[in-house]
Amino acid sequence: MALTDLFSNVHLLLRWFHVLAGIVWLGHLYFFNFVNVPFQGTMGADVKKSVNPQLLGRAFWWFRWGAMATFVIGLLLFTQLYMYQPGVGFGPSELFRANGAMTGRAVWILFGMTLGTIMWFNVWFIIWPAQRQILPAVRDGQPVDPALPKKALKTSRLNAYLSGPMLFGMLAPSHYGGINVVTAVVAIALGLFAIWWAIRISPSVGKL
Ligand code: HEM
């Protein structure tokens, strides 16, 4: 690999930035689900009023922009790898289609991208719109419509669960390849189990 190999260098940079942004996004998602949810129950209204808008306002900034960067760079990566052929132009590459059929690699990444896109949608169109109403209301001591935190929590939990199988969909294309019903079911089951287990072992106050 040489520095003059533009395709490979762009590829590595996109991959690196995609994973970096994904860590920022999922790191905050896990902070919300594994740390913040059990922590919120320990605070009184006064402490919430001074802590939440300051702390969570910052956390939600990184969370939503991490999600946006991961998504946009993921789409660029997909275009470069699967919808572009160097020297030929745009269109399905050999990674996408071989011998007249979609490759296992493409099925894996489409599986991962579908889950990732649902998660990105949830961040930008459900969780953040709810939080941008909740946080100022808490800061100003105004009543919060109880449906809003419920909706935000449910969607955030859903995203946490989806992230387990989604990561298999990100890693399997270039590190595994083949896909069939058994491998897909195992990936989904392991992914869901890992998140269920993490939520289950998240320490409550008494166990710290
Ligand atoms: C939001 C929608 C997402 C899209 C459209 C997307 C797209 C992609 C694409 C096209 C690839 C390259 C697959 C290949 O090697 O054939 C990839 C790889 C990867 N993605 Fe995503 N992704 C998304 C979300 C995420 C998230 C949330 C993470 C969390 C960290 C993530 C982490 C990764 C990792 C670790 C790789 C593999 C890197 C490697 O093995 O070199 N992706 N993604």
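Indexing begins at 1, ligand by ligand and atom by atom, following the structure's order.
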Task: Nearest option to atom 33 (C) of ligand 1, as decided by whichever heavy atom of M68, M119, M170, R15 sits closest - done: M170
Task: Nearest-neighbour protein heavy atom for atom 35 (C) of ligand 1, which is reported as residue plus atom name and distance - done: V19 CG2, 3.6 Å
Task: Element-labelled atoms of ligand 1 that are located less than 4.0 Å from some non-hydrogen atom of L26 - done: 29 (C)
Open item on the list: For W124, I'd like to know if atom CH2 has over 12 heavy atoms of other residues, nucleotides or ligands within 6.0 Å.
Closed with: yes
Open item on the list: Within the structure provided, determine whether Q133 and V144 are in side-chain contact (heavy-atom separation under 4.5 Å).
Closed with: no
TODO: Flag the pair I199 / R157 as yes when at least one side-chain heavy-atom distance between them is below 4.5 Å, and no otherwise.
DONE: yes
Open item on the list: With a sphere of 6.0 Å drawn around CZ of F7, does it hold more than 12 non-hydrogen atoms of other residues, nucleotides or ligands?
Closed with: yes
- [ ] Using a strict 4.0 Å cut-off to heavy atoms of H175, name the atoms of ligand 1 that fall inside it.
- [x] 39 (C), 40 (O)
Open item on the list: Could you identify the single nearest non-hydrogen protein atom to atom 42 (N) of ligand 1 and state the distance to 0.1 Å?
Closed with: H18 NE2, 2.7 Å
Open item on the list: Counting only heavy atoms closer than 4.0 Å, does ligand 1 sit against the backbone of W120, its side chain, both, or neither?
Closed with: neither
Open item on the list: For a distance under 2.8 Å, tell me if M113 has an N/O/S atom near atom 21 (Fe) of ligand 1.
Closed with: no
Open item on the list: Among V24, L77, T117, which one puts a heavy atom closest to atom 12 (C) of ligand 1?
Closed with: L77
Open item on the list: If the contact criterion is a heavy-atom separation under 4.0 Å, does W108 count as touching ligand 1?
Closed with: no
TODO: Please confirm whether F168 and Y176 have ring centers closer than 6.0 angstrom.
DONE: no
- [ ] Evaluate whether atom CZ of F17 has more than 12 neighbouring non-hydrogen atoms of other residues, nucleotides or ligands under 6.0 angstrom away.
- [x] no
Open item on the list: Need the ligand 1 atom indices (1-based, order shown) with element for anything under 4.0 Å from a heavy-atom of L171.
Closed with: 35 (C)
TODO: May I ask whether W25 has any heavy atom positioned less than 4.0 angstrom from an atom of ligand 1?
DONE: yes
TODO: Compute the ring centroids of W128 and W65, then answer whether they are less than 6.0 Å apart.
DONE: no
Task: From the candidates A106, G22, S174, A67, the one that places a heavy atom nearest atom 29 (C) of ligand 1 - done: G22
Open item on the list: Ring-plane angle category for W25 and F63, please: parallel below 30°, perpendicular beyond 60°, tilted otherwise.
Closed with: perpendicular
Task: Proximal candidate to atom 11 (C) of ligand 1 [heavy atom criterion; set I109, T70, L95] - done: I109
TODO: Please work out whether the ring planes of Y82 and F78 are parallel, tilted or perpendicular, with thresholds of 30° and 60°.
DONE: parallel
- [ ] Around atom 16 (O) of ligand 1, find the nearest protein heavy atom and jot down its residue, atom name and distance.
- [x] Y82 OH, 2.3 Å
